[in-house]
Amino acid sequence: MNQCRICDGGLQQFLDLGEQPLSDAFRDPADESPEFTYPLTVGACTDCGMVQLMQEVPRERMFHHDYPFRTATSAFMRQHFEDFARRMLATELTGDSPFIVEIGCNDGTMLRTIASAGVRHLGVDPAVGAVEDAAADGIRVRADFFEESTAADIRATDGPADVVYAANTICHIPYLDSIFQGLTQLLKPTGVFIFEDPYLGDIVRLGSYDQIYDEHYYLFSAHSVAQAAQRFGFALVDVERLGVHGGEVRYTVARSGARTPTPAVSALLAEEAAQRLHDWETLKNFAQVVEQRRDGLVEVLRKLRQEGRSVAGYGATAKSATVLNYCGITSDLLPQIYDITPAKQHKVTPGSHIPVLPFPESVQDYPEYFLLFAWNHATEITAKETAFHEAGGKWIRYVPEVRID
Ligand code: DWN
Ligand code: SAH
Ligand code: ZN
């Protein structure tokens with residue numbers, strides 16, 4: 001039995017999503033070199049409950065100069081981060097010469113608002129191409145992995161931080177012990193560590209198994225985050241449910257005893273207990289839903305192919321790697337995927353080798369059906385694509401169920 005990455009407990013495997021490629025390793029179509037793969041299996045700690053991958057992918061394979069994802073591709077997410085940056089400016093960043101560090105700042109979407117307000121900041125992210133985009137906008141960045149030594153270094157240069165913030169990044173970091181040890185050095189005594197990540201409760205509720213891939217090492221809950229924080233001398237002092245990225249929680253963590261936990265913490269912990277979120281039965285049931293979801297989607301795609309319908313993917317998401325490779329979907333069932341990210345265009349998807357193309361300029365050249373891989377941005381996308389729908393175009397979804405509408 002594997003050991004939990006956080007505590008001394010053992011990991012019990014409840015889900016096997018098969019051999020998988022790196023989710024963001026889009027390839028040149030001519031590249032015939034062997035592709036790195038790893039077994040994507042998920043387990044839960046029998047002690048602290050933390051849901052985590054059974055096998056870790058070396059971080060340099062995933063996060064490097066050419067990491068293709070850019071936060072700014074979603075207008076909705078740009079607004080989300082601007083709103084939260086403003087909130088932090090009005091709350092945690094009001095003291096004397098406040099300082100905020102962002103872990104996983106990517107293209108600087110969140111820090112842009114902080115920098116415009118003239119507040120001291122530093123973004124840390126190993127995706128060199130993305131941080132270059134941020135630097136070009138005048139945002140202060142360090143192209144690096146955040147870990148204990150980085151934190152100590154920042155503390156020595158810039159002094160202690162009021163806030164360390166991260167979105168969709170802490171769940172990417174197996175070495176949480178090093179992160180917390182770094183925070184012990186970097187945070188002011190009353191400083192806070194705020195991070196938002198996909199929520200296990202929403203993943204189980206929606207059956208959104210595509211939130212599981214190499215980069216998403218942890219699937220957090222209030223219960224497991226509270227346990228982890230406590231282990232490293234911190235406490236969970238606030239939680240907030242978020243609708244973005246298919247359901248997330250924003251966790252606020254402070255040094256033990258530094259802040260009084262809000263009622264939202266006990267409320268979410270109670271909800272998780274009442275729903276038996278961490279029970280073995282719940283997790284095994286989720287694994288069954290995943291199998292059904294796979295069979296349902298493949299059936300729909302086969303039927304449409306038989307009927308001679310045209311189908312394409314909408315959004316070459318990292319999440320889609322899990323769906324495509326777990327379901328065995330290749331270009332005979334799905335001939336192409338459209339995506340607005342320049343670094344993904346004219347490449348093929350990892351493992352399944354489906355061509356990724358820029359969107360056709362005219363809606364007339366759209367397919368009859370779009371398989372919505374970027375389902376987490378559905379509100380933004382369906383609003384933008386009304387002409388497609390009005391012309392009779394249909395959406396194929398696989399979260400929270402397989403359906404066509
Ligand atoms: O956690 C992570 C999140 C924040 O971003 C990372 N591990 C990797 C990445 O995951 P993802 O690729 O699943 O994220 P998204 O935001 O669901 O990706 C959306 C994709 O769809 C992007 O490639 C951009 C594309 N897109 C598009 O073509 N048209 C997105 C929108 C909104 C659009 O209108
Ligand atoms: N915060 C952005 C980007 C999320 S993508 C958003 O919410 O849209 C995850 C980012 O985390 C990538 O840019 C990746 O390079 C970065 N990352 C991964 N491990 C990291 C680490 N140890 N320290 C800092 N950034 C890291
Ligand atoms: Zn554990």
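Every number for a ligand or one of its atoms is a count from 1 in the order of the listing.
The cationic group of Arg293 does not satisfy the cation-pi geometry with Tyr209, failing either the under 6.0 Å distance to the six-membered ring centre or the 45° limit from the ring axis. Seen from the ring of Phe370, Arg397 does not count as a face-on cation partner, given the 6.0 Å and 45° thresholds.
Against a heavy-atom cut-off of under 4.0 Å, Ala127 is close to the following atoms of ligand 2: 15 (O). The distance from ligand 1 to the heavy atoms of Lys384 drops below 4.0 Å at these ligand atoms: 33 (C), 34 (O). In summary, the atoms of ligand 2 found under 4.0 Å from a heavy atom of Val124, numbered by their order in the structure, are 24 (C), 25 (N). Listed by atom number, the atoms of ligand 1 under 4.0 Å from Glu215 heavy atoms are 6 (C), 7 (N), 8 (C). Close contacts between ligand 1 and Asn376 involve ligand atoms 15 (P), 16 (O), 17 (O) [criterion: under 4.0 Å to a heavy atom]. Contact atoms of ligand 1 toward Gly315: 21 (O) (distance under 4.0 Å to a heavy atom of the residue). Close contacts of ligand 1 with Lys344, meaning ligand atoms under 4.0 Å from a residue heavy atom, involve 12 (O), 22 (C), 23 (O).
Closest heavy-atom approach to atom 5 (O) of ligand 1 among the candidates Phe63, Tyr67, Phe359, Phe69: Phe69. Across the listed options Met62, His172, Lys319, Lys319 owns the non-hydrogen atom lying nearest to atom 13 (O) of ligand 1. Of the listed residues (Asp125, Val131, Asn168), the one carrying the non-hydrogen atom nearest atom 9 (C) of ligand 2 is Asn168. For the residues Asn106, Asp24, Thr71, Ile179, the heavy atom positioned nearest atom 6 (C) of ligand 2 is part of Thr71. With Ile340, Thr317, Asp24, Asn106 as candidates, the residue nearest to atom 27 (C) of ligand 1 on a non-hydrogen basis is Ile340. Among Gly129, Gly104, Pro126, the residue whose heavy atom lies closest to atom 20 (C) of ligand 2 is Pro126. Of the candidates Tyr338, Tyr213, Trp375, Phe373, Tyr213 brings a heavy atom nearest to atom 2 (C) of ligand 1. Comparing heavy-atom distances from atom 23 (N) of ligand 2 across Phe81, Phe146, Tyr165, Tyr175 singles out Phe146 as nearest.
Contacts between Thr71 and ligand 1 below 4.0 angstrom, taking non-hydrogen atoms only, are absent altogether. Looking at Thr341 against ligand 1, only its side chain comes within 4.0 Å, counting heavy atoms. For Phe145, heavy-atom contacts with ligand 2 shorter than 4.0 Å involve the backbone as well as the side chain. Within the 4.0 Å heavy-atom criterion, neither part of Phe195 lies near ligand 2. Contact annotation for Met77 and ligand 1: no heavy atom of the residue comes within less than 4.0 Å of the ligand. Under 4.0 Å from ligand 1, the heavy atoms of Ile381 that appear belong solely to its side chain.
Between the side chain of Thr317 and the main chain of Ser320, a donor-acceptor pair closer than 3.5 Å is present. At least one donor-acceptor pair closer than 3.5 Å links the side chain of Asn106 to the backbone N or O of Thr71. Between the side chain of Asn325 and the main chain of Pro350, a donor-acceptor pair closer than 3.5 Å is present. Thr94 contributes no side-chain N or O that, together with a main-chain N or O of Ala90, makes up a donor-acceptor pair within less than 3.5 Å.
Between the CD1 atom in Ile194 and the CE atom in Met88 there is a gap of 6.0 Å [rounded to 0.5 Å].
Side-chain atoms of His353 and Thr330 form no donor-acceptor pair, as typed in the model, at a separation below 3.5 Å. In summary, the side chains of Glu56 and Tyr38 do not present any donor paired with an acceptor at a separation below 3.5 Å, with no hydrogens or angles considered.
For the pair Arg142 and Asp153, the salt-bridge criterion is met [side-chain N within less than 4.0 Å of a carboxylate O].
No option in Phe373, Phe359, Phe388 other than Phe359 meets the ring pair (Phe, Tyr, Trp, His ring centres under 6.0 Å) test with Tyr338. Screening Leu186, Val192, Val253 for a side-chain contact (heavy atoms from CB on, under 4.5 Å) with Val164, the sole residue that qualifies is Leu186. Of the candidates Phe193, Phe195, Phe84, Tyr165 forms a ring pair (Phe, Tyr, Trp, His ring centres under 6.0 Å) with just one, namely Phe84. When each of Leu333, Leu334, Asp210 is checked for a side-chain contact (heavy atoms from CB on, under 4.5 Å) with Leu324, only Leu334 meets the rule.
Other residues, nucleotides and ligands contribute over 12 non-hydrogen atoms within 6.0 Å of the CD atom of Gln3.
A heavy-atom separation below 4.0 Å is found between His245 and ligand 1. Not a single heavy atom of Arg70 sits under 4.0 Å from any atom of ligand 1.
Looking only at heavy atoms of the protein, atom 11 (P) of ligand 1 is closest to Ala318 N, 3.5 Å. Here the heavy atom of the protein found nearest to atom 1 (O) of ligand 1 is His216 NE2, 2.9 Å. For atom 16 (O) of ligand 1, the closest non-hydrogen atom of the protein is His377 NE2, 2.7 Å. For atom 25 (C) of ligand 1, the closest heavy atom belonging to the protein is Asp339 OD2, 3.2 Å.
Between Tyr314 and ligand 1, no pair of N/O atoms sits closer than 3.5 Å.
Protein N/O/S atoms closer than 2.8 Å to the Zn ion (ligand 3), listed by chain and residue number, are Cys4 SG, Cys7 SG, Cys45 SG, Cys48 SG.
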